[in-house]
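Here's the structure we're looking at; comments come further down.
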Amino acid sequence: DLLVAVPALRSLRRTHPGHHLVLATTPALAPLVDRIGGIDTLLPTTDPSAVPWRGPAPDVVVNLHGTGPQSHRALDALAPRRRIGFRCPTAGPGWEGPEWADVVAAHPHERARWCALLEAVGLPTDPDDLSLAAPARHPAEGPAVVHPGARYGAKRWPVERFAEVAAALERPDRPVVVTGSPDERALALAVADAAGLARERVLAGRTDLGELCDLVAAARLVISGDTGIAHLASAYATPSVVLFGPVDPAQWGPPAGGPHVALARPADRRGAPFADDPDPALLAIGVEDVLTAAVSVQR
């Protein structure tokens, strides 16, 4: 989710050039924060109801977490001079910002919503300013990345379909690798085994976030569900095919005009993103749909 806030963060950097910009977020995102640039300090924060800032009262606080009230109250506790955030009637007074519902109606994509928040208080933004710089040294063309995992089952396409895609993309000189978190290693191994890929191709649980960023930056293609690695592909302009089930790509999909295809079947959507089983809209996407999209975007 941090990646959809990049344009807003860059706006804050441009509009507050003399300020020390502190980002309160989970420490696990440190490699990504480094690659975004312009952020002076990462303040390790694991609980949105408490921001562990021990310095002087901030000049400006901006809530890019949501509508509160927990995160609004946590920032109120810092006694800032100025507060920017979506309106929250149960938080303290003095917050500048529009109603969440009004912004959602006008700006369906999450990335545009955070920019709309800043625009509403007079801070110019560029919603397309989301790119991350590629590593200084990386292969001219890396592997195809297949990422079968997602936090909730509603967003997980079946293993056997990912395996069919991986097997079809595999070439002696153009390998396929399977990525995922440590918790998703068994899932990634199942995909590799069914695709006939060597287990050495399974990088799930073997890359940290920084290494995953570098892998995606160099990849020739990323195929995944609606999850974090899809946002990395957008940030690096890496060709990608993203499979959407319960969530509309108009809210979380890749930017228009890039080398990306968002596959969705809205007529079949159940719309329960936290369900344990795949959304019917996701199951309505076939292997040939993915392979056809992959041909259209590959480098």
Side-chain angles (χ1 to χ4, degrees), residues 1-17 19-53 55 57-92 94-132 209 228 230-232 234-235 247 251-253 255:
D1 291 3
L2 174 59
L3 286 169
V4 298
V6 166
L9 290 169
R10 288 186 174 153
S11 168
L12 291 172
R13 178 73 288 164
R14 289 192 302 271
T15 56
H16 296 77
H19 286 64
H20 189 88
L21 184 58
V22 177
L23 178 64
T25 191
T26 174
L29 293 177
L32 191 54
V33 172
D34 290 342
R35 286 161 172 79
I36 291 170
I39 297 167
D40 297 302
T41 299
L42 188 159
L43 179 64
T45 306
T46 56
D47 181 357
S49 67
V51 177
W53 176 248
D59 189 43
V60 183
V61 295
V62 182
N63 190 350
L64 298 177
H65 178 261
T67 58
Q70 295 92 341
S71 48
H72 274 54
R73 291 171 180 162
L75 293 171
D76 278 333
L78 306 183
R81 182 188 64 82
R82 185 183 189 191
R83 300 166 173 86
I84 298 172
F86 287 103
R87 292 179 192 170
C88 180
T90 59
W95 283 89
E96 302 174 49
E99 294 283 354
W100 173 260
D102 293 340
V103 170
V104 169
H107 303 280
H109 201 286
E110 193 79 5
R111 187 171 59 249
R113 291 175 190 174
W114 299 120
C115 289
L117 166 64
L118 300 185
E119 293 276 356
V121 298
L123 303 180
T125 67
D126 178 2
D128 295 324
D129 186 11
L130 53 83
S131 298
L132 301 182
L209 179 56
H231 297 303
L232 274 180
S234 294
V247 177
Q251 181 179 355
W252 287 100

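- Evaluation of the side-chain hydrogen bond (donor to acceptor under 3.5 Å, both in side chains) test over residues 116-126, restricted to residues two or more places apart or in two chains, returns Glu119-Thr125.
- If you run side-chain contact (heavy atoms from CB on, under 4.5 Å) between Leu209 and each of Leu32, Val33, Asp34, only Leu32 comes through.
- Scored by the side chain to side chain donor-acceptor pair (under 3.5 Å) test, Thr26 finds no partners at all (sequence neighbours excluded).
- Take Arg82 and apply the side chain to side chain donor-acceptor pair (under 3.5 Å) test, not counting sequence neighbours, and it matches Glu96.
- Residue Asp1 places its CG atom among 12 or fewer non-hydrogen atoms of other residues, nucleotides or ligands, all under 6.0 Å distant.
- Residue pairs meeting the ring pair (Phe, Tyr, Trp, His ring centres under 6.0 Å) criterion with at least one member in residues 59-83, sequence neighbours excluded, are His72-Trp95.
- Counting all heavy atoms, side chain and backbone alike, Ala28 lies closest to Pro31 at O-CD, 3.5 Å.
- Nearest heavy atom pair, residue Gly228 against residue Leu3, reads O-CD1, 4.5 Å.
- Glu110 meets the salt bridge (charged side-chain N to carboxylate O under 4.0 Å, His left out) test with Arg113; sequence neighbours excluded.
- Residues Ser131 and Val6 are not in side-chain contact: their nearest non-hydrogen atoms beyond the backbone lie 4.5 Å or more apart.
- Between Ala74 and Leu78, the shortest heavy-atom contact is O-CG, 3.7 Å.
- To the nearest 0.5 Å, the span separating CG on Leu123 from OG1 on Thr15 amounts to 4.5 Å.
- Without hydrogens or angle criteria, Asp40 side chain to Val22 main chain gives no donor-acceptor distance under 3.5 Å.
- Within the 3.5 Å criterion, the main-chain N or O of Leu132 finds no donor-acceptor partner in the side chain of Arg35.
- Inter-residue side-chain proximity for Thr45 and Pro52 is flagged as met; some heavy-atom pair is nearer than 4.5 Å.
- The minimum heavy-atom distance linking Ala79 with Ala57 is given by the pair O-CB, 3.4 Å.
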* Trace of the side chain to side chain contact (heavy atoms under 4.5 Å, CB included) decision for Arg83 with Asp76 -> CA-CA 8 Å; Arg83 300 166 173 86; Asp76 278 333; 2.7 Å; yes
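- Listed by first then second residue, pairs satisfying side-chain hydrogen bond (donor to acceptor under 3.5 Å, both in side chains) with a partner in residues 97-109 number zero, not counting sequence neighbours.
- For His16, there are no side chain to side chain donor-acceptor pair (under 3.5 Å) partners at least two apart in sequence or on another chain.
- For Pro98, the side chain to side chain contact (heavy atoms under 4.5 Å, CB included) partners two or more places apart in sequence, or in a different chain, are Phe86, Val103, Leu117, Ala120.
- Contact record, Pro7 with Cys115: CB-SG, 3.7 Å, taken as the closest heavy-atom pair.
- In this structure, Arg13 CZ and Ser11 OG are separated by 11.0 Å, a value rounded to the nearest 0.5 Å.
- Under the side chain to side chain contact (heavy atoms under 4.5 Å, CB included) criterion, Pro255 pairs with Arg111, Leu130, Ser234, His260, not counting sequence neighbours.
- For Ser49, the side chain to side chain contact (heavy atoms under 4.5 Å, CB included) test picks out Asp47, Gln70, with sequence neighbours left out.
- With sequence neighbours excluded, the residues forming a salt bridge (charged side-chain N to carboxylate O under 4.0 Å, His left out) with Arg10 are Asp129, listed by chain and number.
- For Leu9, the side chain to side chain contact (heavy atoms under 4.5 Å, CB included) partners at least two apart in sequence or on another chain are Leu2, Leu23, Ile39, Leu64.
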